[in-house]
Amino acid sequence: MIKKCLFPAAGYGTRFLPATKSMPKEMMPIVNKPLIEFGVDEALEAGMTGMCIVTGRGKHSLMDHFDINYELEHQISGTAKEEKLKDIRSIMDNARFTFIRQREMKGLGHAILTGKELIGDEPFAVILADDMCVKDGEEDGVLKQMVALYKQFRCSIVAVEEVPDEETHKYGIIKGEMIKDDIYRVDDMVEKPEPGTAPSNMAIIGRYILTPDIFDILKDTPPGKGGEIQITDALLQQAKTGCVLAYKFKGKRFDCGSVPGYIEATNFVYENMYQE
Ligand code: G1P
């Protein structure tokens, strides 16, 4: 029912310079797998097959990663190393990739609006690849949990987690009434509130399900925090006229846009998921 997942991936990744000078931050490896591939796995698990990537200048390797590398395939064909390509080959067999370039960096809302050409007029998911999510035991992945909720409520949903007071200024923060276990109806949301002014501790993390009317709202959303067009502002508008839910997901999330989060994710994957 939700077939497409949008990956805004045009940002610079300045916190990882110089590594990200010519390499997209989404290609930073967590052990041996690029960040974006974790996101694609999560979208596939949630039943999505259309991976719509919003890229920018210097992001060719993102496109190449999800394409055939004939020379490499030829070299390792029939050797034990072929096994190393098993996962990425399975992704390529099961998903279809489309790309569009965001020419100017005008914020996450603008990146999502740029993806409209690839999404069309249907509900869709958004993954910010630098928020890496992994399962907690036998639970479904975060996006799959959100799709199940969408089937029930048919409105936009943001994934949230509680963060300490001193970190609220780094996130979009929601306020809302709990309507069911872990599900809140949003009545306010603010992008990166000044310290001490956050309406709650519930921070939006990089997983969204959006209904397509968000595109029309985004077209009319003026620049907000940092002079950028913010998805948080557009979602507040949607919440005022319709319904937006916030879902406290089950699972573990690493902020791979920061060095400590990236290291934590790397250790977690090496200890729990990596196979020689
Ligand atoms: C974006 C969103 C913010 C959200 C965050 C999650 O901010 O604008 O609302 O909380 O992602 O990672 P960014 O981290 O891109 O500045």
Side-chain angles (χ1 to χ4, degrees), residues 5-16 20 24-26 28 30 35-36 38-39 42 53-56 102 104-115 125-134 142-143 146 156-176 184 186 188-195 197-210 214 217-218 221-239 244-249 251-262 264-265:
C5 185
L6 190 70
F7 294 82
Y12 297 122
T14 45
R15 274 185 286 184
F16 283 93
T20 46
K25 65 171 173 170
E26 297 76 15
M28 297 269 293
I30 301 293
L35 265 175
I36 191 147
F38 284 92
E42 191 183 323
I53 304 187
V54 180
T55 65
Q102 186 186 5
E104 295 170 284
M105 304 299 124
K106 293 198 218 158
L108 179 56
H110 180 254
I112 292 174
L113 186 55
T114 304
V126 176
I127 288 187
L128 307 184
D130 50 14
D131 271 334
M132 186 187 135
C133 294
V134 295
V142 178
L143 217 49
M146 292 171 77
S156 291
I157 307 170
V158 297
V160 292
E161 87 179 355
E162 273 173 79
V163 298
D165 287 346
E166 59 279 13
E167 285 186 20
T168 51
H169 69 282
K170 296 185 194 163
Y171 298 93
I173 302 290
I174 70 110
K175 183 167 84 64
Y184 300 78
V186 172
D188 195 12
M189 65 205 307
V190 35
E191 179 66 12
K192 306 198 175 90
E194 296 303 319
T197 67
S200 82
N201 284 54
M202 302 282 263
I204 302 171
I205 64 120
R207 299 292 180 277
Y208 304 78
I209 286 183
L210 301 174
I214 199 73
I217 301 175
L218 276 169
T221 301
K225 191 84 187 183
E228 298 189 327
I229 297 171
Q230 300 292 352
I231 187 65
T232 307
D233 296 342
L235 279 165
L236 176 59
Q237 193 55 35
Q238 210 180 29
V244 172
L245 297 180
Y247 171 56
K248 216 163 120 186
F249 64 95
K252 213 170 160 39
R253 166 242 170 203
F254 299 98
D255 171 16
C256 293
S258 77
V259 173
Y262 179 78
E264 238 186 278

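Counting starts at 1 for both ligands and their atoms, following the listed order. Note that the structure is predicted; figures quoted are calculated from it, not measured.
- Closest approach of Ile173 and Pro199 over heavy atoms only: CG2-CD, 3.8 Å.
- Judged as a salt bridge (Lys or Arg N to Asp or Glu O under 4.0 Å), and not counting sequence neighbours, Glu264 has no contacts.
- Qualifying salt bridge (Lys or Arg N to Asp or Glu O under 4.0 Å) partners for Glu161, counting only residues two or more places apart in sequence or in other chains: Arg253.
- His169 and Lys192 make their closest contact through O-CB, 3.2 Å (heavy atoms, listed as atom of the first residue, atom of the second, distance).
- No side-chain donor from either of Gln102 and Thr114 sits under 3.5 Å from a side-chain acceptor of the other.
- Residues with a heavy atom under 4.0 Å from ligand 1: Leu108, Leu128, Asp131, Tyr171, Gly172, Glu191, Lys192, Ile204, Ile205, Gly206, Tyr208, Gln230, Thr232.
- The salt bridge (Lys or Arg N to Asp or Glu O under 4.0 Å) search around Asp233 returns none, not counting sequence neighbours.
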